[in-house]
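Below is one structure, written out as structure tokens; comments come after it.
In this text, all values refer to a predicted model and were calculated from it rather than measured experimentally. Atom set for the values below is all heavy atoms of this structure, side chains included, hydrogens, waters and symmetry mates excluded. Protein chains get the first letters and strands the later ones, always in sequence-line order, with residue 1 at the start of each.
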Amino acid sequence: MNQNPQSSDGRNDDDSALSDFLASLMDYTPTIPDELVEHYLAKSGFQCPDVRLTRLVAVATQKFVAEVAGDALQHCKARQATIPKDKRDKQQKDKRLVLTMEDLSKALREYGVNLRHQEYFADSPSTGMDPATREE
Amino acid sequence: MALLGEGGRGYELARKLDTCGVWRTWLGDATYANFAPFLSSPSAWDSFITSTTHIPLQLRVRALLFDKATVSLSLNPNPNPNPISYLQRLNPIYLQLHADDVYFTLDADSKNQSKPSSSTGSRYVESQLPETWYNQVIEKYKANKNLVSGESRSPADMASYITYVTNHKKRRVAFKEDVTDHALQPNGGGSFVADDDCAVFPEIAYALNCVPDSALPLSDRVESSSNQKVKVLSVLDTLPPIAATRSSVMMERLGVRPEHGSVEHGGGLSRGKFGAEGNGKVIGPEQAAKLSQKAVARILLGVGFEGAMEGSVEDFSEVLSGRICKIGTNLRVLADSYKKQCSAIELLKMLLKTVGFSNFAPLVDVVKDGSKNNVHQSQQQVHGMQPQLQQQQQSSLRLPQQVQMQRQMHPQMQQMIHSQNMAFHQQQHQQQPQQQQLERMRRRAAAAATPRPAMDIDKERPVVQVKIENQDLPLDGNAFTSRHPQMQQFRQQQQIAAMSNFHPQSGTQFRQMGSLQIPSIQSPNISMVRAPPVKVEGFSELMGGDSTSKHDLEENRLTSPNGK
């Protein structure tokens, strides 16, 4: 008999806390725009006129993307740490934290997303030419 | 049936119908003549009923016989199952023919079956009976002012007839009472009441043995009802989601903020519609991709990245869009599955669990971090301003440099002034006072040099070196003679500078002295201009052994103009 009221009180507290959180979303502007979230929700077959729900989805997505980005940042720092210290020029250049496909791939792998770039990556007209010609 | 006897042949009932004259009316006079012999004995009747040679006549006889016998089915179970008692209780009026009996439909069937046969008897029978019964039906309908629909009844007639039958069913009790009254009063006293109750028998029989002319009307009715049901279902399918959504939205609004909720509810709906239109018009797939890339870039900057490759940003934006679509799909499934069972808050909790958050605490942290990020962005803006401030500082630093330049210029002027003073003092005073003054000048020069920057000090050194070198050259005769013109030019330049700087009066005095004693004055001037103290120092440093002799020579030169 004593436990039931406690559980109901806990549920009520959770509900009220969630309601307060939803109310706070009205004053918070997520990084992901509302229009963008509404577009993709409509694409998946769900349309909701409530802005709070839209922003809730935006915050959840932002949390996920931020976690992936954080892991990628760790991989990036680890990659830079392995660079030999003799190369001063490279050290100066590599001090900047730049997200690469390698970092993103490693980070997403932990979340169950297998991301690989094509083996042959043509990013410039000189790709595929002789190394000597590239150097020239 | 009880009225048909043990064997089911119905001989007794047939004879009773014959006594009432029903067979003659039903079959016609000609056909009745052929049929009458079969009623003479039970054996003849059995042979007639079971024979296969008189099928048309047999069918017609069976139709009437069985129709009348079916009344026993509606009777209450009687402890005395003797059929004779039932036959005795039957009302003779019931055994009479009625225009609204159900066997009218069976007559049509018998006609259809008899057409293929080529016997003239059957044709004769068909030709007589339809006319008789048709005339009777027409007369009945005209008398009752009912609608006539030809040989067959229309659905409207059937419907009205069913209503009529239903009404007559309610008179079953009266039928029993009437039977009792008839038994008690066999005379024609109750004929009127009996006539009214006679109509009940065929209605009851009809209700039990009704076969419609065509199944289409009833099927049409069934189809129409089914269509209505389908429509009702479609209407119900559309109503609950709207009602549920509104109720859930209202609960959510009222639970959080009633006033704001009501406003938000209205705004939400309108915005939803507008948003849908906006999505259709404003945001397209390309714009969505660009916006997602921008969002990814912002998040990366927030996390700490300074840059990103193009391909990684594109893939990351696809991951973002896929994530939103997944959440939307989950929302759709949850809303469709539990919209009637769970409230909006519960649906959101389920959504958070499916997304991967056990509770919404991480999201609260994101919101707080987001607010901090906003502050950080403002700080970044301030930091962006700092370079401009630094530039301003640099511009302000330039001013001191200009001041330093001015200071650099000032010492040069001081040097010129000092050199002029040295020349002037040398001319006016003796050797010792001159030496003392030279020492003072050195001290002043040293004091002036200390606050100067290193660059200035470096600049002075070459000048000193140049002086030393120039002063050392005259000691050698060959060198002196070879560079004499250059030295003269140097002396003239110094004189010109001194004359320009001195006061006009002193200048005139200097010129007068020069004009009077040009040769003597020129030689001491040269020696005086050479700056003996510096020379002495240089000389002593270079050649320590000959210092005494050279010093004497210099003394002689200095003393000679004084002696003159």
[atom1]/[X]: more than 12 non-hydrogen atoms of other groups inside 6.0 Å:
X         : atom1 : result
Tyr338(B) : OH    : no
Met309(B) : CE    : no
Gln341(B) : CD    : yes

What part of [X] gets closer than 4.5 Å to chain B, counting heavy atoms only: side chain, backbone, both or neither?
X        : answer
Tyr40(A) : both
Leu36(A) : both
Ala58(A) : neither

Closest contact, heavy atoms only, [X] versus [Y]:
X         : Y         : result
Phe46(A)  : Leu331(B) : CE2-CD1, 3.7 Å
Phe21(A)  : Val364(B) : CD1-CG2, 3.4 Å
Val303(B) : Ala69(A)  : CG2-CB, 3.7 Å
Val319(B) : Phe64(A)  : CG1-CE2, 3.9 Å

Decide yes or no for [X] and [Y]: does some side-chain heavy atom of the first lie under 4.5 Å from some side-chain heavy atom of the second?
X         : Y         : answer
Ser312(B) : Asp103(A) : no
Asp315(B) : Met101(A) : yes
Val355(B) : Val57(A)  : no
Leu53(A)  : Leu348(B) : yes
Ile324(B) : His39(A)  : no

Residues Leu25(A), Leu363(B); criterion side-chain contact (heavy atoms from CB on, under 4.5 Å); working and verdict: CA-CA 10 Å; Leu25(A) 290 175; Leu363(B) 301 181; over 6 Å; no
Only pairs of heavy atoms separated by less than 4.5 Å count here; which of [options] has the most with chain B?
options                                 : value
Leu108(A), Thr31(A), Leu73(A)           : Leu73(A)
Pro30(A), Ser105(A), Cys76(A), Ala60(A) : Ala60(A)
Thr100(A), Leu41(A), Val37(A), Thr61(A) : Thr61(A)

So, taking the atom named [atom1] in [X] and the one named [atom2] in [Y], what distance separates them when rounded to the nearest 0.5 Å?
X         : Y         : atom1 : atom2 : result
Glu314(B) : Leu104(A) : CD    : CG    : 12.0 Å
Phe305(B) : Leu99(A)  : CZ    : CG    : 4.5 Å
Leu18(A)  : Glu346(B) : CG    : CD    : 11.0 Å
Leu56(A)  : Leu351(B) : CG    : CG    : 6.5 Å

Go through the steps for Asp365(B) and Lys63(A) under the test salt bridge (Lys or Arg N to Asp or Glu O under 4.0 Å), then give the verdict. CA-CA 9 Å; Asp365(B) 295 336; Lys63(A) 176 70 174 177; 5.8 Å; no
Counterpart residues, side chain to side chain donor-acceptor pair (under 3.5 Å), relative to Arg332(B) (two or more places apart): Asp336(B)
Highest number of heavy-atom pairs under 4.5 Å with chain A: which of Gly307(B), Gly356(B), Gly304(B)? Gly307(B)
So which residue, Ala295(B), Ala288(B), Ser292(B), ends up with the most heavy-atom pairs under 4.5 Å with chain A? Ala288(B)
Val65(A) vs Phe316(B), test: side-chain contact (heavy atoms from CB on, under 4.5 Å). Steps then yes/no. CA-CA 8 Å; Val65(A) 173; Phe316(B) 215 165; 3.8 Å; yes
Check each atom of Ala289(B) against the heavy atoms of chain A and say whether the ones under 4.5 Å are side chain, backbone, both or neither. backbone
For Leu22(A) and Ile345(B): C-alpha separation, side-chain torsions, deciding distance, then whether side-chain contact (heavy atoms from CB on, under 4.5 Å) applies. CA-CA 10 Å; Leu22(A) 291 173; Ile345(B) 297 295; 4.2 Å; yes
Given the rule in the side-chain contact (heavy atoms from CB on, under 4.5 Å) test, do Val98(A) and Glu306(B) qualify, once you have shown the distances and angles that lead to the verdict? CA-CA 6 Å; Val98(A) 177; Glu306(B) 296 173 356; 5.7 Å; no
